[in-house]
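Quick caveat: nothing in here was measured; it's all calculated off a predicted structure.
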Amino acid sequence: MKEYRIKGLSCPNCAADLEQRIQKLDNGETAQLQYNSGKIQLDEKVDLNKVEKILSTDNASLVKSDDEDEHEGHSHPSSIKMYLGIATGVFILALLVDSMSSFTAIPFYLAAIILSGYQTFIKGLKNLIRLKFNIETLMTIALIGAVAIGEWKEGTLVAILFGLNEYLEGLGMQKARKSMASLLKIAPKEAVIIRNGVEETVPISKLHVDDLVLVRSGDKIPSDGVIESGNSSVNEAAITGEAMPVEKAVGEGVFGGSINNEGVLRIRITRAYKDSSLAKILHLVEEAQETKTPTEQFINRFSRYYTPIIMAISALVMIVPPVFLNADFGEWFYQGLAVLIVGCPCALILSSPIANISGITRNARNGILIKGSVYLEQLGMIDTLAFDKTGTLTKGRPYVEKYESFDHETFLTVAAAVEKHSSHPLAKAIMDKVSEFPVRKLEAEELETIAGQGIVAIIDGKRYKVGNEKSVEDIEIEYSVQSTIASMKEEGLTLVIVADNTKILGVFGISDEIREESESVMSALHSSGIKNTVMLTGDHHKTAEKVSKRVGVHSFFAGLMPVEKVEKVKELTKKGKVAMIGDGINDAPALATADLGIAMGKGTDSAIETADIVLMQDHLGKLPEAISIAKRVNRTIRINIALALGLKLIALLLTIPGLLTLWIAILSDMGATILVTLISLTILWEKKEKPMKDVQNPAPQHS
């Protein structure tokens, strides 16, 4: 299958019709025409000339080059705009002539109709021959009817207003597409590879794993990799949505699509571009445009029956009053034509896709990837959020929250001498704390690891222990020290005790550092309408209770294995719409079980692949806004549907007293379409963000 961009698509119904006709070509059975993104996927054996011929019937065409793609949509709306301008001028001239001679004005009215509506008229006639009833068919019948009964003035006005409506509708979708396309343009096109000391510029598709690339100041990093030489700040906004630059040094990873702010970097590529974070993001964003929500699917099904029903109502309006009520045939025939125009389903069909594209685009700008409109709709309906603890609400990195020293001279010195040889996360946390103080450097000898307890070592000829409570079971502990240990355990801290053979020198209280934004995020989520927040963790009860209180979740469940997390999520889904948020491989089953799975972007690949939504930042800061945008999209779609149907209903009710006119009918349809489009596009507007107030962790207590 090969993919092409299309310019000039006028409406979803027309795109669906074009797709059906292309599928009837030789080797065209698998063709997929995507209206929202303006793309078509074709078997390479399909005759492109025939495809072009079919597209041309709707004034659409394949985009042949990147340059043409850059200006996609400009020529088509511009020509329509020109024709509409000329048609309007001719119509005004016709009105002037009509005031002197009605018969003489007819050629001017006819010219205005042809200029503004000939494309609709031609398509409508073809549809009539094929007995296919859509908006073009309805408008063609209405125009023929208006001309037949001598309503030249109103028929011309209908043609001009309908043309204007089509133009504005096209502009609305074009705006949504352009907003999405601006995201896709961030992809780098070329890379500078260093081979045998020689620089060579190659297309991004030629980049391979282990290639060494040169990235100068201001250039885009071509794909994911690790810095081999150079230091710089990197703008990762395209991937994470974070505007602040991130400092990068040798050995640190970088994302493809990031911008090198200063200096020169040499980067060893770890992923070919097609497998890079950016490529995956762009692929997900493009795919997301074409997924259909249950609401959209219902509207599409409804619109298929809606048009024939409107035609039946129109026929009844034309026939029943003259035949059964002795009413004037010409008057009710006119009313029936107006009903046909009111029946245009454009506003109804547009009520959802522009809003959804706008919502997906707005979130993508913030570094939040929503894998389809259906997930955006679900996000706006969520009432319960379940959080994994480690790496989601906490940083997943141990740190010394509190320590107590009972022997100031030896406590930190011994801890440093023993732990500097260990790669254990708790040892690193202790060394980070010790580095804050001027500590005498000693060397530990004869280090021995005691399983389930800790480490024993000799320092300056004396034996010391660094470990958990079991490591000091043979020591008689003073009451005050016991009280301190009990208090720290009660706080949910993991203890590392430093002792010699007779007494405890000091105790480190270690915990998983809570993310600074977790409390403010939780508060914002509750304010946005989330009724229930739950923390699920494999940690012990005291630790879970402490984190739960600090961040402000409504409830928590501790000591859970991955299978038990799944069971808890299943229980929660029986009470409401549940989203699960996690970052580890053990979270993947729970993410898949929830109504909606949300993964942290710097988490494991399995969590990201399983999730329906991915937060590309390494924190939850953007989640409340994503939920607010989703709720706004759902609210907008409901408003759009109400407007689309409400304005038509009002217009149809005017037929009862016989007050419906052709121009009122077209204005009601046009008004609905314009309102639906404009309201949907407001989702793209971003207010200046107020900085979220960070809740800092209290400073560690110490003696």
Side-chain angles (χ1 to χ4, degrees), residues 3 5-7 9 12 15 34-39 69-70 72-73 169-187 235-243 257 277-293 295-296 349-380 596 598 601 611-617 621-637 639-640 676-689:
E3 188 174 83
R5 288 199 173 275
I6 300 177
K7 63 177 181 178
L9 288 174
Q34 299 162 343
Y35 173 69
N36 290 351
S37 55
K39 289 183 174 181
D69 193 19
E70 187 77 20
E72 191 258 298
E169 182 184 318
L171 279 185
M173 182 53 78
Q174 185 177 308
K175 170 68 177 172
R177 283 198 197 115
K178 276 189 175 180
S179 182
M180 182 67 78
S182 66
L183 286 174
L184 307 181
K185 287 176 186 173
I186 62 176
N235 184 340
E236 296 182 340
I239 292 88
T240 66
E242 302 283 16
S277 301
L278 180 62
K280 286 180 179 177
I281 289 170
L282 301 184
H283 178 67
L284 288 175
V285 168
E286 286 199 286
E287 275 193 338
Q289 296 178 75
E290 298 306 328
T291 59
K292 293 269 191 282
T293 66
T295 303
E296 284 181 295
I349 292 168
L350 282 177
S351 60
S352 186
I354 295 180
N356 279 320
I357 291 174
S358 299
I360 289 169
T361 303
R362 175 87 180 273
N363 275 313
R365 284 179 191 163
N366 290 337
I368 296 168
L369 302 182
I370 297 175
K371 295 182 180 179
S373 299
V374 64
Y375 305 121
L376 182 68
E377 184 177 273
Q378 286 178 350
L379 183 63
L596 200 65
I598 303 175
D612 307 309
I613 296 173
V614 181
L615 309 178
M616 291 308 295
Q617 315 85 16
K622 302 278 188 178
L623 182 59
E625 185 180 0
I627 291 173
S628 296
I629 291 169
K631 286 180 180 292
R632 184 177 171 189
V633 168
N634 288 353
R635 192 165 57 246
T636 298
I637 290 170
I639 292 169
N640 286 347
V676 161
T677 302
L678 290 178
I679 292 170
S680 296
L681 289 175
T682 59
I683 295 168
L684 289 169
W685 300 346
E686 294 185 52
K687 295 178 183 175
K688 284 190 177 179
E689 282 187 33

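Judged as a side chain to side chain donor-acceptor pair (under 3.5 Å), and not counting sequence neighbours, Thr636 has no contacts. Partners of Asn640 under the side chain to side chain donor-acceptor pair (under 3.5 Å) rule, at least two apart in sequence or in another chain, are Ser680.
Side-chain contact between Asp612 and Ile370: absent, with no pair of heavy atoms (C-beta onward) separated by less than 4.5 Å. Looking at Ile613 and Leu379, their side chains come closer than 4.5 Å, going by heavy atoms from C-beta outward. Using a 4.5 Å heavy-atom cutoff, the side chains of Ile357 and Ile360 are not in contact. In this structure, Lys622 and Asn363 have side chains that are not in contact, with every pair of non-hydrogen atoms separated by 4.5 Å or more. Inter-residue side-chain proximity for Thr682 and Leu678 is flagged as unmet; no heavy-atom pair is nearer than 4.5 Å. Counting heavy atoms from C-beta outward, Ile368 and Val614 have side chains that stay 4.5 Å or more apart.
Atom-to-atom distance recorded for Ser351:OG and Ile637:CD1 is 7.0 Å, nearest 0.5 angstrom. How far CD1 of Ile629 is from CZ of Arg365: 9.5 Å, rounded to the nearest 0.5 Å. Atoms CD and CG, on Glu377 and Leu596 in that order, are 11.5 Å from each other to the nearest 0.5 Å. Here CG of Leu684 is found 8.0 Å from CZ of Arg362. Values are rounded to the nearest 0.5 Å.
The two atoms that bring Ala355 and Val633 nearest to each other are O-CG2, 3.7 Å, heavy atoms only. Closest approach of Gly380 and Ala630 over heavy atoms only: N-CB, 3.5 Å.
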